[in-house]
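The sequence lines fix the lettering, A, B, ..., with proteins before strands; numbering per chain opens at 1. As the structure is a prediction and not an experimental result, all values here were calculated from the model.
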Amino acid sequence: MSQLALVDGNNFFVSCQRAFEPKLNKVPVIVLSNNDGCVLARSNEAKALGIKMSQPHFQIRQTIKDHNIKVFSSNLELYCDMSERMMAILRRYAPRIEVYSIDEAFLDFSEVKTCDLIKIGHAIRKDIITCLGLPVCVGFAPTKTLAKIANLFAKKYLEYQGVYSYKRSTEVPAKLSLIDIEDVWGLGTASCKKLKSYGVNTAYDLATFPKQLVRKSLSVVGERTHQELNSIYCFPLEETREPKKSITVSRSLKTPAPSKERVKEALATHITRACEKLRKDDLIARGVTICISTTRHTKGKFFQASPSLLLHEETNLTPPFLKAVIQLIEQSFKEGYAYKKIGVTLTHICEARHKKRNLFGETNNESLALSLSIDSLNKRYGSKSLIYGASGLKAIRSEAPQNLSPRYTTRFEEILTVF
DNA sequence: TCTGGGGTCCTAGGACCC
DNA sequence: TCTGGGGTCCTAGGACCC
């Protein structure tokens, strides 16, 4: 019988900031996305003020002022490091774990002989708050979908003190009617709209809805969710990540760019970064797609292009991809628009060790060595110490985010100072 | 001239996740 | 003025083959 736990950080990015600045406790705090564009994380106090997830920053400027909300730019380097520390602690508790996202992990307790899961849950909570200062909640259940719901109970109802265990039973528990259909993992707006038209409004309604009808309206994906709500294990624990199938680097520009030169520079910067990611994971790729688009928020002036091409052979060197994206933009750039979002995606990826030998049986070791040297210099001296000319000087001068906190745990020069 | 049916592969687009 | 970024999976439809 499967027995899983979902451990999930509470308002994770906000909690990471609070761990190093205790005076932020009990006051409203938000963390913004890249470019400080919209809201990524909110403390409970900020949620209570009506700030929504993904809400644009400019819409809440007044609320921020009126309630003295503390605002942070995303400090992903700090959050990733805190995440790794949290996962290291979780590995002590279960033989198998799946790191599902930066702030949550599924733990497999199927083989663990214990009848007191609640006790384990509290031990995990205590361990993580003591070692890292991060609050988490724990939900136990026989399937991932139910573990998500159990975690929701643990977060929402204070009497559970952050730990909830879902009891397996042959009947669908009435408690599921407390969960709105929108809060079921795997159901987005499109699926919920369909289900509501059938009068399915809660997790209980869905669990007791005829399986065939779910299959018909939501396909196999919805059917699996339906099964999982009925304690039938469909989404297995994935301990190891398959190699990535695509790698994307894209950014929105603060001020949209009307000139081809500026777009080209952004593409050059992005493809350089994408190739670094490839090399870091020891992967090679053959396909590349660029994507340029105007904002969608101005009516009538929307334009988007996403041409792609395949190189003659797989590689993880920057120059061939740089050449390819320049070729693509030369072919597809259209004058008369201001481009807001610019990105590149690498596709047809495989592991570098699978690379086919070329005719002469030699791989291009010198070029690879050069690329790897550039990577290590940039890692040591800062990400833009050495760049390709095509990226333009703007890449170096690009503005830093406004509200960035120190990277307390990964940079000696930014370590926490105690007075 | 008649033009079936089954299979594979690829791509675009939709939906979803954090 | 200002609306994130990076992924995965599924389906439908077209092209192609025998």
Side-chain angles (χ1 to χ4, degrees), chain A residues 6 8-13 30-42 51-62 64 71-76 79-80 83 98-106 144-145 148 151 181-195 215-225 234-235 238 241-256 266 270 273-274 277-278 281 286-287 289 291 293-299 302 304-310 338 340-349 399 401-402:
Chain A
L6 176 66
D8 189 327
N10 302 355
N11 315 328
F12 190 72
F13 293 177
I30 57 172
V31 176
L32 300 175
S33 63
N34 192 281
N35 270 349
D36 291 348
C38 65
V39 177
L40 271 192
R42 309 155 293 157
I51 293 176
K52 302 274 175 266
M53 186 65 174
S54 303
Q55 195 166 11
H57 184 197
F58 75 91
Q59 283 179 2
I60 53 168
R61 281 197 205 282
Q62 197 56 46
I64 290 172
V71 179
F72 288 92
S73 304
S74 275
N75 191 340
L76 277 175
Y79 310 151
C80 287
S83 170
E98 173 184 342
V99 176
Y100 178 67
S101 74
I102 192 164
D103 72 330
E104 54 189 313
F106 290 102
K144 284 184 173 177
T145 307
K148 278 268 184 187
N151 195 285
I181 200 79
E182 286 92 352
D183 291 331
V184 176
W185 184 53
L187 302 177
T189 44
S191 303
C192 289
K193 200 174 157 195
K194 271 188 200 164
L195 288 170
R215 167 79 193 222
K216 210 174 155 192
S217 54
L218 301 185
S219 85
V220 285
V221 189
E223 191 188 13
R224 281 183 210 137
T225 299
C234 297
F235 301 120
E238 289 166 23
R241 282 263 173 272
E242 293 289 309
K244 285 188 191 129
K245 291 170 185 162
S246 69
I247 289 177
T248 302
V249 176
S250 74
R251 292 287 180 278
S252 295
L253 296 175
K254 234 172 187 158
T255 35
H270 296 347
R273 178 79 192 101
K277 289 185 177 186
L278 261 187
D281 288 358
R286 225 187 122 202
T289 304
C291 184
S293 67
T294 62
T295 170
R296 288 178 186 274
H297 301 281
T298 325
K299 281 197 182 114
F302 180 67
Q304 180 182 29
S306 51
S308 58
L309 64 75
L310 285 178
K340 172 76 181 162
K341 191 162 179 174
I342 298 166
V344 302
T345 301
L346 296 172
T347 60
H348 299 73
I349 291 178
E399 66 278 43
Q402 298 273 306

Report summary line: What one should report as the nearest heavy-atom pair of A:Asn11 and A:Arg42 is CG-O, 3.2 Å
Requested in this report: Find which nucleotide of DNA chain C each of A:Pro243 and A:Pro256 is nearest to by heavy atoms, and output the residue with the more 5' nucleotide.
Outcome: A:Pro256
Report task. Taking only Lys NZ, Arg NE, NH1 and NH2, and the carboxylate oxygens of Asp or Glu, determine whether A:Lys148 and A:Glu104 approach each other closer than 4.0 Å. Result -> yes
Query - Length of the CD-P vector between A:Gln402 and C:dT1, whole Å - result: 19 Å
Requested in this report: Report yes if at least one side-chain N or O of A:Thr189 is closer than 4.0 Å to OP1 or OP2 of B:dC16; otherwise report no.
Outcome: yes
Query - Closest-nucleotide 5' rank along DNA chain C - winner of A:Val220 and A:His57 - result: A:His57
Requested in this report: Using both distances under 3.5 Å as the test, list the Watson-Crick or G-U wobble partner of C:dC18, or none.
Outcome: B:dG5
Requested in this report: Take atom CG of A:Asn35 and atom C1' of C:dC2, then tell me their distance rounded to the nearest Å.
Outcome: 10 Å
Requested in this report: For A:Glu104, answer base if it contacts any base atom (sugar-phosphate contacts may also be present), sugar-phosphate if it contacts only those atoms, and nothing otherwise; contact means non-hydrogen atoms under 4.0 Å.
Outcome: sugar-phosphate
Query raised in the report: Considering only the P atoms, how many Å lie between C:dT3 and B:dC17, rounded to the nearest integer?
Result: 25 Å
Query raised in the report: To the nearest Å, how far apart are A:Lys144 NZ and B:dC16 C1'?
Result: 15 Å
Report task. Look at all strands and tell whether A:Leu40 reaches a base, only sugar-phosphate, or nothing, counting heavy atoms closer than 4.0 Å. Result -> base
Query raised in the report: Between A:Lys277 (side chain) and A:Ile247 (backbone), is there a donor-acceptor pair under 3.5 Å?
Result: no
Query raised in the report: Between C:dG7, C:dC10, C:dT3, which nucleotide has the shortest distance from any of its atoms to the side chain of A:Arg224?
Result: C:dC10
**Report entry** Test item: A:His57 side-chain N/O and A:Asp36 main-chain N/O as donor-acceptor pair under 3.5 Å
**Finding:** yes
Query raised in the report: Starting at NZ of A:Lys194 and ending at C1' of B:dG14, how long is that distance when rounded to a whole Å?
Result: 10 Å
Query raised in the report: Hey, does A:Thr345 reach any base, or is it just sugar-phosphate, or nothing, if we go heavy atoms under 4.0 Å?
Result: nothing
Query - Selected nucleotide, minimal atom distance to A:Phe58 side chain, candidates C:dG5, B:dC18, C:dT3 - result: C:dT3
Requested in this report: Can you figure out which of C:dG6, B:dC16, C:dG4 approaches the side chain of A:Ala190 most closely?
Outcome: B:dC16
Query raised in the report: When all nucleic acid strands are considered with a 4.0 Å heavy-atom cut-off, which category describes A:Arg241: base, sugar-phosphate, or nothing?
Result: nothing
Query raised in the report: Between C:dG5 atom P and A:Lys244 atom NZ, what is the distance in whole Å?
Result: 17 Å
Query raised in the report: At under 4.0 Å between heavy atoms, what does A:Ser191 touch on the DNA or RNA strands: base, sugar-phosphate, or nothing?
Result: sugar-phosphate
Report task. Please work out which of the three classes, parallel, tilted or perpendicular, describes the rings of A:Phe13 and A:Tyr79, given edges at 30° and 60°. Result -> parallel
**Report entry** Closest to side chain of A:Ser219, choosing from C:dC10, B:dC18, C:dC2
**Finding:** C:dC10
Query raised in the report: Does a side-chain N or O from A:Thr248 land closer than 4.0 Å to OP1 or OP2 of C:dG7, or not?
Result: yes
**Report entry** side-chain N/O A:Ser246 vs C:dT8 OP1/OP2, d < 4.0 Å
**Finding:** yes
Query raised in the report: Looking for any heavy atom pair under 4.0 Å, which part of the strands does A:Val184 touch: base, sugar-phosphate only, or nothing?
Result: sugar-phosphate
Query - Closest nucleotide among B:dC18, B:dC16, C:dG4 to the A:Trp185 side chain - result: B:dC18
Report task. Select base, sugar-phosphate, or nothing to describe what A:Arg61 touches, counting heavy atoms under 4.0 Å on all strands. Result -> base
Requested in this report: Give A:Ile247 one of three labels, base, sugar-phosphate or nothing, depending on what nucleic acid heavy atoms sit under 4.0 Å from its own.
Outcome: sugar-phosphate
**Report entry** Gap between atom CG of A:Leu253 and atom CD1 of A:Ile342 - 0.5 Å precision
**Finding:** 4.5 Å
**Report entry** Rounded interatomic separation in angstrom, taking NZ from A:Lys340 and P from C:dT3
**Finding:** 4 Å
**Report entry** Nearest to side-chain heavy atoms of A:Lys277, which nucleotide of C:dT8, B:dC18, C:dG6
**Finding:** C:dG6
Query raised in the report: What does A:Asp103 touch in the nucleic acid at a heavy-atom separation under 4.0 angstrom: a base, only the sugar-phosphate, or nothing?
Result: sugar-phosphate
Requested in this report: Nearest whole angstrom, please: distance from the P of B:dC17 to the CE of A:Met53.
Outcome: 12 Å
Query raised in the report: Checking all strands, does A:Lys52 fall into the base, sugar-phosphate, or nothing category for heavy-atom contacts under 4.0 angstrom?
Result: nothing
Requested in this report: When you get a sec, tell me which of C:dT8, B:dC18, C:dG4 is the closest nucleotide to the side chain of A:Ser101?
Outcome: B:dC18
Report task. Give the nucleotide from the list B:dC18, C:dG7, B:dT11 with an atom nearest to the side chain of A:His348. Result -> B:dT11
**Report entry** Atom-pair distance (NZ on A:Lys245; P on B:dC10), nearest Å
**Finding:** 14 Å
**Report entry** Given B:dA15, C:dG5, C:dG6, the nucleotide with the shortest approach to the side chain of A:Asn34
**Finding:** C:dG5
Report task. Please check if the side chain of A:Ser74 supplies one atom and the backbone of A:Leu32 the other of a donor-acceptor pair under 3.5 Å. Result -> yes
Query raised in the report: Given C:dG5, is OP1 or OP2 found less than 4.0 Å from the side-chain N or O atoms of A:Ser252?
Result: yes
Query - Test item: side-chain donor near acceptor, A:Asn35 and A:Ser33, under 3.5 Å - result: no
